[in-house]
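First comes the structure, then the notes that go with it.
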Amino acid sequence: MKPLAYRIRPKNFSDIVGQDHLVGPKGVITKMLEQNKLFSMILYGPAGCGKTSIASIIEQNYPLASYNFNASCDNKAKLKEIADSTKYHETTVCIIDEIHRMKKDTQDFLLPYVESGSITIIGLTTENPYRSINPAIRSRCHIYRMNEIKQQDIMNLLRKTIKDENMNPMGDDILLYISVASSCEIRTALNMLEIASMLDKDDLNLENVKALIGKKAFLIDEKGENYYDVASAMIKSIRGSDPDAALHYLARLLKTEDLEFITRRLLCSTYEDIGLGNPNVGPRVYAACMAALSLGLPEARLPLAYAIVDLATSPKSNSTYLGINEALADLDNLTSMAIPPHILNKELKSGKYEYKYPHDYPKGYVKQQYMPDSLLGKKYYKPKDTGSYERAIEKFMKELK
């Protein structure tokens, strides 16, 4: 018998969990299919969030020849076969799993077909496409980020599956355990549910489910607290300059054995909360996180503890965090943001719009307008008086004026 996760794979967008921005009634992919327009796209997000299911539903519901290509194991010859098929079809859909693993020469081969529209690709990846995919391919695709699946979504899905599959009822404590132990991955959660359903009704309790699943759950206190709450407490402790509390929450998170999640949170805190308060801490924390991932547990605790204390005891500044957020907000509110002509350099040495090269002037500075007219006088970066580095920045900027 095929696995439960395969048997109940969504057949319609309404069955997809947590991705309404893409496949809900007003979702962009839903609108594409309603208007019979399909564009090349890349879906990226964590494992088990529904990327493959969405691609499969598009394949089933869009009246085009379609092929599947796995970049981790299929070769360029197979892609050539797919390209040859375009002779017989106006447009061909090619679903490319793990597109971030596609070799550059293979991507280059695909490029003219995507450019002409003879092949419409649906790329699937867990990696950030802005970092892992050839810019030439990426620029010809719409990039859609998949949401992380929430714990409550997993529990609701498990309840529905139990009912639809006529399984023995399970208590919320078991469903909570599965949702957290699966790291909120739909496929993993369903596999765990299928194993748990093997227990007889009288034996269906939390302890027996734990033993049967055979995987340590990410329950990190006796109440079954969600580890996202503990991660939040760790970051707030760093932000609040309390290394002892931060180490306590790190210890609890280490019980999850999810090093990738922990390192992501620490790197984010480095640039959100410490920032220019202690700019030297960034490379140190990055090195510590890479060391932790390389070492694995239990040794990973050592560089992570080092990073935690370094962050918690550093001067704090969120000036760059606030600055970029304000700049992004202005993009949504302003309609005219023309770049000053002299910055474009198109009128170089014509007189009026000549760009002044700062290095040709004393101290490498010359006064000229860089900001669009609609934003003149706008200040996004405001140095904070929490560390010597930003105090020096503020002094330098005042001297320039």
Side-chain angles (χ1 to χ4, degrees), residues 1-25 27 29-30 33 43-61 68 95 97 124 126 144-220 223-229 256 258 261:
M1 181 182 290
K2 293 181 179 179
L4 175 64
Y6 183 89
R7 297 199 310 270
I8 68 166
R9 174 168 284 179
K11 296 179 175 58
N12 301 290
F13 286 154
S14 59
D15 298 326
I16 298 289
V17 174
Q19 311 299 338
D20 282 355
H21 65 301
L22 297 179
V23 296
I29 295 177
T30 303
L33 297 189
L43 305 177
Y44 80 103
C49 67
K51 297 184 293 294
T52 304
S53 294
I54 289 177
S56 177
I57 294 171
I58 293 174
E59 182 181 22
Q60 293 168 18
N61 288 274
N68 288 272
I95 298 171
D97 201 9
L124 312 177
T126 56
Y144 298 124
R145 181 172 184 171
M146 304 280 287
N147 292 330
E148 292 185 358
I149 306 301
K150 304 299 184 185
Q151 180 178 296
Q152 191 59 52
D153 290 331
I154 292 289
M155 293 182 69
N156 290 340
L157 176 63
L158 295 177
R159 291 189 186 99
K160 182 178 184 299
T161 303
I162 290 170
K163 180 180 179 181
D164 292 347
E165 297 292 310
N166 294 315
M167 297 177 176
N168 288 324
M170 299 185 194
D172 284 349
D173 57 342
I174 295 175
L175 301 184
L176 175 63
Y177 176 88
I178 292 175
S179 66
V180 178
S182 66
S183 295
C184 290
E185 292 183 9
I186 295 174
R187 189 184 306 109
T188 303
L190 291 173
N191 289 340
M192 289 181 171
L193 177 68
E194 187 170 28
I195 293 173
S197 69
M198 295 168 57
L199 290 168
D200 293 332
K201 186 175 182 179
D202 293 339
D203 296 326
L204 199 52
N205 58 59
L206 182 57
E207 291 307 312
N208 288 340
V209 168
K210 286 182 180 180
L212 193 62
I213 286 177
K215 177 179 178 179
K216 187 174 183 179
F218 293 156
L219 298 177
I220 41 188
K223 297 179 182 178
E225 180 183 28
N226 189 335
Y227 76 152
Y228 291 103
D229 294 336
T256 71
D258 192 352
F261 174 80

Determine whether [X] and [Y] make a side-chain contact, defined as any pair of heavy atoms from C-beta on separated by less than 4.5 Å.
X      : Y      : value
Leu204 : Asn208 : no
Ile8   : Asp164 : no
Val17  : Ile186 : yes

[X]: what forms a salt bridge (charged side-chain N to carboxylate O under 4.0 Å, His left out) with it, not counting sequence neighbours?
X      : result
Glu165 : Arg7
Asp203 : none
Lys11  : none

I need the [X] [atom1] to [Y] [atom2] distance, nearest 0.5 Å.
X      : Y      : atom1 : atom2 : value
Tyr44  : Arg145 : OH    : CZ    : 4.5 Å
Ile213 : Glu194 : CD1   : CD    : 12.0 Å
Ile154 : Leu175 : CD1   : CG    : 11.0 Å
Leu158 : Met167 : CG    : CE    : 9.0 Å
Thr30  : Gln19  : OG1   : CD    : 11.5 Å
Leu124 : Leu43  : CG    : CG    : 5.5 Å

Under a 3.5 Å distance rule, please check whether [X] uses its side chain to pair with a backbone N or O of [Y] as donor and acceptor.
X      : Y      : result
Ser56  : Thr52  : no
Asp153 : Gly18  : no
Asn61  : Ile57  : yes
Asp200 : Asp202 : no

Taking all heavy atoms of [X] and all of [Y], pick out the closest pair and write down the distance.
X      : Y      : result
Ile195 : Leu212 : O-CD2, 3.0 Å
Val23  : Phe13  : O-CB, 3.4 Å
Ala196 : Ile178 : CB-CD1, 4.5 Å
Gly45  : Met146 : CA-CB, 4.1 Å
Ile149 : Gly48  : CG1-O, 4.3 Å
Ser179 : Gln151 : OG-CG, 3.4 Å

**Report entry** Arg159/Asp172 salt bridge by N-O under 4.0 Å criterion
**Finding:** yes

Requested in this report: Dump the intermediate steps for side chain to side chain contact (heavy atoms under 4.5 Å, CB included) on Met192 and Val209, then the final yes or no.
Outcome: CA-CA 9 Å; Met192 289 181 171; Val209 168; over 6 Å; no

Query raised in the report: Does the pair Lys51 and Thr126 meet the rule for a side chain to side chain contact (heavy atoms under 4.5 Å, CB included), with working shown?
Result: CA-CA 9 Å; Lys51 297 184 293 294; Thr126 56; 3.9 Å; yes

Query raised in the report: Stepwise, does the side chain to side chain contact (heavy atoms under 4.5 Å, CB included) test hold for Cys49 with Asn147?
Result: CA-CA 7 Å; Cys49 67; Asn147 292 330; over 6 Å; no

Report task. For side chain to side chain contact (heavy atoms under 4.5 Å, CB included), just list the numbers for Leu193 and Met170, CA-CA rounded to whole Å, side-chain angles, deciding distance to a tenth of an Å, and then say yes or no. Result -> CA-CA 10 Å; Leu193 177 68; Met170 299 185 194; 3.6 Å; yes

